[in-house]
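One structure is given below, encoded as structure tokens.
Letters A, B, ... are given to chains in the order of the sequence lines, protein chains preceding strands, and every chain is numbered from 1.
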There are 2 protein chains.
Amino acid sequence: MFSKACEYGIKATIYIAVKSMRHTRVSLKEIAEEVNSPVAFTAKILQSLAKSGIIDSHKGPTGGFEIEESKIDTIKLHDIVHAIDGDNIFVGCGLGLKQCDATQPCPVHDKFVGIRENLKMMLQNTSLYELATGLDIGLTHLKR
Amino acid sequence: MFSKACEYGIKATIYIAVKSMRHTRVSLKEIAEEVNSPVAFTAKILQSLAKSGIIDSHKGPTGGFEIEESKIDTIKLHDIVHAIDGDNIFVGCGLGLKQCDATQPCPVHDKFVGIRENLKMMLQNTSLYELATGLDIGLTHLKR
DNA sequence: TTTATTTAAGATAAATTTGTCCGAAATAAG
DNA sequence: CTTATTTCGGACAAATTTATCTTAAATAAA
């Protein structure tokens with residue numbers, strides 16, 4: 001469904017959010033360990049998330065990553081996915097046709113608009129806050 | 001959503017079905033043209049669909065691909081996708097965790113089971129017959 | 001039987017995604 | 001100022017997916 005980059009990015013962002021709610025910066029190394037992701041690859045993804053303004057990065061000792069606490073509630077899963085995978089999950093024909101819409105649909109067009117709309121709604125409605133809180137109180141987990 | 005291989009496979013199967021309903025075999029070349037897919041790559045996909053028993057292939061002059069007419073109604077979109085992409089779309093954690101279920105869920109587990117169930121139901125409920133008929137009567141298209 | 005045609009199969013190549021490595025830049029602390 | 005730490009950025013490498021090419025095998029028809 002999502003790319004590996006996106007999977008790592010989502011997990012990392014949730015972890016950073018949990019720590020940020022406790023006013024703690026986290027290092028790349030810690031993130032990669034807690035999220036079970038390759039360090040160097042995770043670095044790249046965090047870089048792009050930082051450029052997208054979803055997370056903040058700080059160099060040097062005591063540096064690391066964090067998320068502005070006020071943002072945690074407004075950031076949606078959709079924003080993270082979009083920052084990493086772009087909008088290719090949300091737009092485009094299910095069979096790869098350039099020209100496919102309600103007036104000139106591919107054979108699966110109608111079937112697809114429904115589930116894609118579901119997916120989109122889900123991503124737009126789930127906040128980073130709720131994901132981070134679930135992890136924080138031990139309801140969910142990020143490893144294994 | 002689907003791999004390129006799967007997109008080509010679905011389109012090819014629908015096209016073969018339309019022709020088979022008219023009792024006509026179609027060649028690889030014709031399929032690739034009508035479906036706008038790379039010939040050699042399409043050949044590979046058709047090969048695996050033939051091995052899966054979804055389509056029949058015949059060598060030599062007057063050879064080509066066809067689908068047993070009685071099957072067209074029972075073959076579901078799910079079968080085609082499964083034959084090409086396997087079950088990786090239907091199973092597995094949305095964040096790539098090995099261990100992720102209702103008792104020990106990842107942060108997006110509950111959100112995902114819903115839309116995945118939707119997708120699965122959609123694929124299991126749409127028959128090749130209905131897709132082929134839509135194309136045949138000009139309601140849908142496969143090119144561009 | 002010979003020939004032309006068509007799919008099968010395996011090797012190879014290109015493109016993309018995933019992942020690694022290393023030096024540069026920033027920066028906190030001694 | 002120097003040093004240690006941490007992210008940044010670019011080059012590089014491996015793995016996977018997508019795509020091509022060539023030869024073999026099957027087979028219909030002359």
Checklist entry - How do B/F41 and B/R25 order along DNA chain D: which one's closest nucleotide is nearer the 5' end? => result B/F41
Next on the checklist: Taking the nucleotide of DNA chain D with the nearest heavy atom to each, does B/A5 or A/G64 sit closer to the 5' end?
Outcome noted: A/G64
Next on the checklist: C/dA9, OP1 or OP2 - any side-chain N/O from B/Q47 closer than 4.0 Å?
Outcome noted: yes
Next on the checklist: Would you say B/S27 places a side-chain N or O within less than 4.0 Å of OP1 or OP2 belonging to C/dT5?
Outcome noted: no
Rounding to an integer number of Å, can you tell me how far [X] [atom1] sits from [N] [atom2]?
X	N	atom1	atom2	result
B/K51	C/dG10	NZ	C1'	11 Å
B/L28	D/dA25	CG	P	20 Å
A/K4	C/dT20	NZ	P	13 Å
A/F2	C/dT17	CZ	C1'	17 Å

Checklist entry - Taking atom types as modelled, is there a side-chain donor on A/Q99 or B/H141 under 3.5 Å from an acceptor on the other? => result no
Counting only side-chain heavy atoms from C-beta out, which of [options] sits nearest to [X]?
X	options	result
B/P61	C/dA4, D/dT6, D/dA25	C/dA4
A/T62	D/dA19, D/dG9, C/dA29	C/dA29
A/K44	D/dA19, D/dA11, D/dT7	D/dA11
A/A40	D/dT7, C/dA4, C/dT20	C/dT20

Checklist entry - Does the pair B/E117/B/K120 count as a salt bridge with the N-to-O cut at 4.0 Å? => result no
Next on the checklist: Assess whether a salt bridge exists between A/K19 and A/E34, defined as any Lys/Arg side-chain N lying under 4.0 Å from an Asp/Glu carboxylate O.
Outcome noted: no
Checklist entry - Cluster question for you: counting only ILVMFWY and a side-chain heavy-atom cut-off of under 4.5 Å, with indirect links fine, are A/M1 and A/Y8 together? => result yes
